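Because the structure is a prediction, the values reported are computed rather than measured. Hydrogens, waters and symmetry mates play no part in the numbers below; they use all other heavy atoms, side chains included.
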Amino acid sequence: MDLTDNLLLRYSRHILLPEIGVAGQARICDAAVLIVGAGGLGCPVALYLGAAGVGRLVLADGDTVDLTNLQRQIGHGTAAIGENKADSLARSVRAINPEIDVQPLAQALADTALYEAVAAVDLVVDASDNFTTRHAVNRACVALGKPLVSGAAIGFSGQLAVFDSRHAGSPCYHCLFPDQTDEPELRCAEAGVFSPLVGIIGAMQALEALKWLAQAGAPLIGRLLLWDGLQADARVMKVLRDPACPVCGPAAVQAG
């Protein structure tokens, strides 16, 4: 993409960074990213990726804005209560950066629709809030060879990882969190969530996505970042691919 004078000025603080420069910003502007979920994590991810100039943002969420969301979902205002979250967040992103293409999908992606959406982008950010969606997104990304930036937040604790099955030894989401459908999962509605926590994890997801798109630094592949908001403590753990993983292991690849 050729950056106009207006775009060079808009993204000048990125371009000043030697790790990004004009070439890295052009890669960001040429990219397409799918964000699954337009809630607590999806809001900061979309706002930062939009502000940074990702050329095409696809926002997918079938839920509507509720009063209880406004404590942390900063892409939605009070006037958006009752509106689809993808539509509301798309409007907020366009208000920040009208130079990019923002496509809201007012639906919960699954099956063929999910695979079509993943196939049409360069990178996927999982900002959903349930294991069923996370595992479905992971399967689609592995099958289609797309990098996945995954985040989660509950209470005062958050986690972040980047998965790219094209890298030798890189695990997938299933390697870390096997699909245990009979295990209960915590939801914000039951357990609560500290409002800035989703901003911290969401901003980190945006950081990892932009690094990958601009080809700057080392992505968090094969590592899991754990953040304890109460203690302001971060730990990074190495994670290996599970050779018996039914999603990304050798047997799964041969079957595919």
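Looking at Lys85, its side chain never comes within 3.5 Å of a backbone N or O of Gly37 through a donor-acceptor pair. One N or O on the side chain of Arg94 and one on the backbone of Val102 form a donor-acceptor pair closer than 3.5 Å. Asn84 places a side-chain N or O within 3.5 Å of a backbone atom of Asp63 that can act as its donor or acceptor partner. Panel note: side chain Ser170, backbone His167; no donor-acceptor pair is recorded below 3.5 Å. Proximity of a side-chain donor or acceptor of Arg27 to a complementary backbone N or O of Ala214 within less than 3.5 Å is detected. With hydrogens and angles disregarded, no donor-acceptor distance shorter than 3.5 Å links the side chain of Arg13 to the backbone of Leu9. Side chain of Asp233 to main chain of Asp228: no donor-acceptor pair is present (N/O by atom type, distance under 3.5 Å, no hydrogens or angles).
Partners of Glu83 by side-chain hydrogen bond (donor to acceptor under 3.5 Å, both in side chains), not counting sequence neighbours, listed by chain and number: Arg91. Evaluation of the side chain to side chain contact (heavy atoms under 4.5 Å, CB included) rule for Ala119 yields Leu144 as partners, not counting sequence neighbours. Scored by the side chain to side chain contact (heavy atoms under 4.5 Å, CB included) test, Ile81 finds Val65, Leu67, Leu70, Thr78 as partners (sequence neighbours excluded). Legend: residues meeting side chain to side chain contact (heavy atoms under 4.5 Å, CB included) with Arg139, ordered by chain and number and at least two apart, are Tyr115, His135, Ala136, Asp179, Val247.
Between the CG atom in Leu49 and the CD1 atom in Ile100 there is a gap of 8.5 Å [rounded to 0.5 Å]. How far CG of Asn138 is from NZ of Lys146: 15.0 Å, rounded to the nearest 0.5 Å. The line from CZ of Arg10 to CG of Asp5 is 14.0 Å long, rounded to the nearest 0.5 Å. Rounding to the nearest 0.5 Å places CG of Leu148 at 11.0 Å from CZ of Arg134. Distance check: Leu7 CG to Asp2 CG gives 10.5 Å after rounding to the nearest 0.5 Å.
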Check against side chain to side chain contact (heavy atoms under 4.5 Å, CB included), Arg241 and Cys248: CA-CA 8 Å; Arg241 178 178 290 184; Cys248 72; 3.8 Å; yes
Intermediate values then yes/no, side chain to side chain contact (heavy atoms under 4.5 Å, CB included), Leu3 and Ile15: CA-CA 11 Å; Leu3 298 177; Ile15 293 169; 4.3 Å; yes
Candidate pair Leu224 and Val236, rule side chain to side chain contact (heavy atoms under 4.5 Å, CB included), full reasoning: CA-CA 5 Å; Leu224 174 67; Val236 178; over 6 Å; no
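Asn6 and Thr4 form no side-chain donor-acceptor contact under 3.5 Å, judged by distance and modelled atom types alone. Between Asn69 and Gln71, the side chains place no donor N or O within less than 3.5 Å of an acceptor N or O (distance only, hydrogens not considered).
Residue Tyr48 comes nearest to Ala206 through the heavy atom pair CB-CB, 3.7 Å, listed as atom of the first residue, atom of the second, then distance. Leu41 approaches Ser128 most closely through the heavy-atom pair CD1-O, 4.5 Å. For the pair Leu160 and Met204, the tightest heavy-atom approach, listed with the atom from each and the gap, is CD2-CB, 3.4 Å. Summarising the geometry of Pro44 relative to Gly39, their closest heavy-atom pair is CD-O, 4.5 Å, with the distance given to 0.1 Å. Across all their heavy atoms, Gly75 and Leu89 have their closest contact at CA-CD1, 3.9 Å. When all heavy atoms are compared, the tightest approach of Leu59 to Ala46 is CD2-CB, 4.0 Å.
Applying the salt bridge (Lys or Arg N to Asp or Glu O under 4.0 Å) test to every pair with at least one member in residues 152-171, sequence neighbours left out, gives these pairs: Asp164-Arg166. The side-chain hydrogen bond (donor to acceptor under 3.5 Å, both in side chains) pairs that include a residue from residues 205-214 are Glu208-Lys211, where partners are two or more places apart or lie in different chains.
Partner of Phe163 under the side-chain contact (heavy atoms from CB on, under 4.5 Å) criterion, out of Val239, Asp126, Val149, Leu176: Leu176 alone.
With hydrophobic clusters built from ILVMFWY side chains whose heavy atoms lie under 4.5 angstrom apart, Val54 does not share a cluster with Leu207. Under a hydrophobic-cluster definition in which Ile, Leu, Val, Met, Phe, Trp and Tyr are linked whenever side-chain heavy atoms come within less than 4.5 Å, directly or via other members, Leu226 and Phe177 are assigned to the same cluster.
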